[in-house]
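To find a chain, count down the sequence lines: A is the first, B the second, and so on, and within it residues start at 1. Side chains included, hydrogens not; waters and symmetry mates left out as well; all remaining heavy atoms used.
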Amino acid sequence: MSQTRKIQRTISRRSMLKLVGGSSLTLAAAACGAATPTAAPTAKPAATAVPPTAAPPTAVPPTAAPTAVPTKAPTTIDWWTVPSADVGSQAQQEALVAEFNKLSSKTSALAKPTFLPDDGFSEKMTTVLGTGTGVPDVATIVLDTWFPAASDLRDLIARDKIDINVYAKNFFDTRCRFGEKIIGLPITVGATMYFYNKALFDSKGLKYPEWGYTMQQWLDDATKMTDRSKKIFGAAMPTRIWRGEFFAFGAKPISDDGKTVDGFINSAKSVKMFEFMYDLATSGAVPTKAEFDVLRTEGTGPIDLFNTGRLGFAGLNNGQFDQVDKAGVKFGLIHNPKVEGEDIFTNAWTLQLGIPAASKNRDAAWEYVKWLAGEPGQRFMMMNRNGAYTPPMPALWPDHPGKKDPRLDFFFKIIDSTRHVWEFAGKFPYFTKATRPSQDVYDGIYAGKIKRGDIKSELNNLVAPMQKIVDEERAKLGLK
Amino acid sequence: MTTLNTPRPARPSRASSQKAETRLNKIVVFLILTTLAIIVVGIPMGWMLTTALKPRNQIFAWPPVLWPDPPRIENFSETLAAVPLLRFAGNTLIICALNIVGRILSCSVVAFAFARLRFPGRNLMFGVLLSTLMIPQQMILIPQFALFKTAGLVDVLSGYLPLVLPSFFGNAFFVFLMRQYIMTIPRELDEAARIDGASTWGVFRRIILPLCKPPLVVITVLTFLWTWNEFMHPLIYITQFDSYTLQLGLNMLKGRFNIQWNLIMAGSLMAVVPCVIVYFLTQRHIIGGIANVGIKG
């Protein structure tokens with residue numbers, strides 16, 4: 001043993017200290033030398049003179065006409081995007097970019113798309129926004145937690161006299177504004193509607209739903225259509241809480257000023273809403289949580305069941321007409337079921353095209369945002385998508401290539417005449433975070449872990465944790 | 001008299017009955033484990049295979065369509081037409097190869113130092129190294145990205161550098177694995193080499209490394225499998241579509257409102273083939289390598 005120790009190569013304490021010291025000095029020197037300029041935000045401060053809701057001169061329509069006289073080589077801007085049913089396939093988006101890049105001699109900007117998988121877009125954006133480096137120049141600012149990291153566009157809108165009144169107001173106001181700021185211009189509009197399987201209605205001799213269709217009618221029809229021996233279900237539980245079906249009861253998780261939870265998440269209307277969801281979950285008319293979890297996890301939710309003729313009602317959207325058509329399912333459309341005495345609510349959305357505040361190419365990025373969200377870009381997308389794309393500009397709707405399809409008319413009626421979930425949810429950038437605890441109660445009801453009689457106490461128990469989140473998030477945002 | 005001479009039937013001895021009982025137990029255990037393996041591995045793999053050959057309307061049909069009628073081979077060509085999976089597989093292979101080289105070089109050297117060299121704070125450092133195993137990857141994702149970005153390394157080599165560079169700085173699990181294995185190698189071999197004039201480096205290179213084949217195979221195979229299936233890091237660092245890895249490519253088949261399960265399964269089937277081949281070619285070494293470390297370490 002002692003011989004072994006003698007033979008073993010040892011490093012003395014002094015040598016070790018020398019090594020450590022030398023390494024530290026080398027690392028320190030390397031760190032100083034390798035310093036690379038970080039992505040310091042070059043965004044201009046927002047013009048405070050422009051009021052948040054100021055409508056710039058209406059005589060000037062949104063236009064792609066370049067405002068800057070190019071004096072140098074075009075700046076290449078990085079656009080992060082996702083090929084999808086609403087914005088278009090990769091090839092369709094590449095065609096869009098090519099169209100914009102034809103204007104580079106005038107705009108001084110060239111767009112370069114980076115196509116990301118839908119699954120990873122949020123993670124990647126969250127990472128780069130979290131570090132403030134490596135951000136794209138243009139992206140859709142879809143998550144409310146990203147709003148504070150988006151550039152305020154009011155100065156650019158005012159400078160280029162962009163008329164924001166050309167956009168559907170209920171979409172623009174709910175998704176493109178963040179407090180007093182304007183964090184993006186809208187592209188595309190979509191809405192969830194209830195698709196119903198006509199064959200299943202016919203087989204049970206049921207009358208097709210009509211405008212004004214209620215929650216109770218929905219539950220009754222769904223129960224009648226269900227045939228569990230054939231794994232045919234009348235309906236599916238809403239995939240997430242605080243969508244149209246929940247606001248339909250007049251319930252709200254927090255107060256209108258976004259400050260108070262008590263009296264709202266546990267209000268009588270809220271209790272009624274959760275009790276209805278309990279009745280639906282235990283009616284036998286919906287797949288059990290275990291049956292539905294895999295599909296729900298992957299985000300497609302009910303469409304796969306609906307397309308195989310195994311679902312009476314499915315909450316789907318206008319981007320999915322084609323998919324259901326291809327599956328050969330004959331379907332009709334109805335709004336989200338309503339509650340007597342309350343408004344009809346729709347989960348409608350737009351994608352807000354914005355510029356992260358840390359972008360180093362704000363002016364060039366604005367040229368692209370302005371063009372894409374302006375009439376030329378929106379018209380190009382609309383005409384290039386065979387009717388599968390609907391721009392957020394009502395003035396363009398009469399030219400829609402799918403205008404002869406009555407389903408499109410119904411879609412327009414839905415987004416025009418119902419209230420939108422984001423009217424309320426979009427007001428608070430902490431809405432998703434603050435309401436997360438209530439999702440657990442909803443999941444507990446669906447999983448059969450919470451009984452009907454316990455709902456009130458469960459909601460009372462939510463008040464403290466939700467209030468804590470609201471207070472913390474408001475403090476972070478500097479809101480009183 | 002005759003009765004006395006009649007040979008009595010041999011009674012099974014206690015030892016042989018125990019042997020038969022042991023054999024029966026083994027068969028029962030084998031059947032249970034095989035059944036479990038079929039449930040846990042076989043059914044999902046079977047579902048993947050049949051879905052890869054199904055038209056869309058048969059995927060969620062009830063009663064389930066066990067075998068597609070007719071099988072739809074076009075799913076594979078459509079998958080390759082939708083996403084350049086072969087190119088992405090090539091990109092992934094490059095990253096795999098670099099990671100394997102990096103891990104083998106770094107982990108073997110570090111493990112040798114921890115196993116054979118004596119220096120102040122050795123055990124403390126080893127403890128710190130092992131404690132890094134408890135840090136979730138998600139926690140270091142953003143700081144690591146900031147580090148690479150600040151160092152200007154994110155866009156180097158199509159974004160591959162941040163995916164391979166950490167491999168050249170060791171990996172706690174593999175260092176542990178190698179160290180434990182090296183500790184099972186008799187020190188007398190080192191001593192003999194030193195008497196013959198070998199330096200520390202010479203002992204490592206000529207004596208220890210050649211004896212470490214089992215853990216090196218484990219490192220190679222596990223690094224290959226992990227890198228092949230990695231999604232999050234390539235997503236964060238790679239920004240050029242042409243440089244995407246296989247897993248990013250497969251995820252491009254999942255749309256926001258539409259998942260083409262048959263195409264995804266066709267792509268997944270193609271993606272899993274190299275993993276299966278690598279595993280079957282090396283399973284003896286993998287099991288042997290890990291078992292050796294476990295028994296002797």
Side-chain angles (χ1 to χ4, degrees), chain A residues 3-5 7-13 15-17 19 31 34-36 38-39 78 80 82-87 90 113-120 123-124 126-128 130-134 190 230-232 295 298-300 303-305 307-310 316-317 319-320 323 326-328, chain B residues 56-64 82-83 113 116-122 138 141-155 187-188 190-191 194-195 199-200 203 231-232 234-241 244 247-259 261 264:
Chain A
Q3 199 178 6
T4 309
R5 282 191 180 153
I7 291 172
Q8 268 186 340
R9 178 59 57 95
T10 60
I11 299 175
S12 69
R13 192 178 301 275
S15 305
M16 187 67 191
L17 287 171
L19 265 174
T36 308
T38 52
D78 194 11
W80 285 9
V82 173
S84 63
D86 47 1
V87 181
Q90 192 169 329
T114 296
F115 294 101
L116 295 168
D118 187 48
D119 255 2
E123 286 82 355
K124 187 154 174 143
T126 302
T127 304
V128 297
T131 59
T133 61
K230 294 179 182 172
K231 293 276 182 186
I232 292 173
L295 294 171
E298 290 303 333
T300 53
I303 190 169
D304 293 314
L305 288 180
N307 280 354
T308 47
R310 292 172 51 197
L316 303 174
N317 64 64
Q320 294 172 313
Q323 295 167 44
K326 279 180 191 165
Chain B
R56 285 192 77 173
N57 61 351
Q58 290 182 14
I59 298 172
F60 294 100
W62 191 268
V83 181
R116 286 293 201 258
L117 303 185
R118 293 180 64 235
F119 52 88
R122 183 180 70 168
Q138 292 81 353
L141 195 66
I142 290 179
Q144 199 175 49
F145 177 80
L147 180 77
F148 280 117
K149 190 72 191 174
T150 308
L153 300 176
V154 165
D155 297 324
R187 286 183 185 274
E188 286 78 7
D190 302 28
E191 291 159 13
R194 286 196 189 282
I195 288 166
S199 62
T200 303
V203 170
F231 173 73
M232 191 53 77
L235 169 78
I236 300 299
Y237 290 108
I238 300 176
T239 51
Q240 301 291 327
F241 183 75
Y244 274 9
Q247 295 304 323
L248 292 182
L250 283 176
N251 271 275
M252 294 298 289
L253 294 168
K254 288 171 72 173
R256 187 173 296 152
F257 302 122
N258 179 25
I259 297 183
W261 288 105
I264 288 181

Practice problem: Answer yes or no: is there a side-chain heavy-atom contact under 4.5 Å between B:Arg56 and A:Thr308? | Solution: no
Quiz prompt | Atom group of A:Gln323 that falls short of 4.5 Å from chain B, counting heavy atoms | solution = side chain
Quiz item: Given B:Leu253 and B:Trp261, is the side chain to side chain contact (heavy atoms under 4.5 Å, CB included) satisfied, shown in steps?
Solution: CA-CA 9 Å; B:Leu253 294 168; B:Trp261 288 105; over 6 Å; no
Practice problem: Below 4.5 Å from any heavy atom of chain A, which atoms of B:Gln58 appear? Answer side chain, backbone, both or neither. | Solution: neither
Practice problem: Could you grab the distance from atom CD of B:Gln144 to atom NZ of B:Lys149, nearest 0.5 Å is fine? | Solution: 14.5 Å
Exercise. Using non-hydrogen atoms and a 4.5 Å limit, figure out which bit of A:Ile232 sits close to chain B: side chain, backbone, both or neither.
Key: neither
Self-check item: Region of B:Ile238 that comes under 4.5 Å of a non-hydrogen atom in chain A
Solution: backbone
Quiz item: Of the options B:Phe145, B:Phe231, B:Tyr244, which is the one that meets B:Tyr237 in a ring pair (Phe, Tyr, Trp, His ring centres under 6.0 Å)?
Solution: B:Phe145
Exercise. Please answer whether the main-chain N or O of B:Leu117 pairs with a side-chain N or O of B:Arg122 as donor and acceptor at a distance below 3.5 Å.
Key: yes
Self-check item: Atom group of A:Asp78 that falls short of 4.5 Å from chain B, counting heavy atoms
Solution: neither
Quiz item: With only heavy atoms counted, which part of A:Lys231 is less than 4.5 Å from chain B, the side chain, the backbone, both or neither?
Solution: both
Quiz item: Based on non-hydrogen pairs under 4.5 Å, which of B:Thr239, B:Leu248, B:Leu153, B:Leu250 is most in contact with chain A?
Solution: B:Thr239
Exercise. Indicate yes or no for a side-chain donor-acceptor contact from A:Arg310 to the backbone of B:Phe60 under 3.5 Å, with no hydrogens or angles considered.
Key: yes
Quiz item: With chain B, which of A:Thr127, A:Thr114, A:Val128 has the greatest number of heavy-atom pairs at distances under 4.5 Å?
Solution: A:Thr127
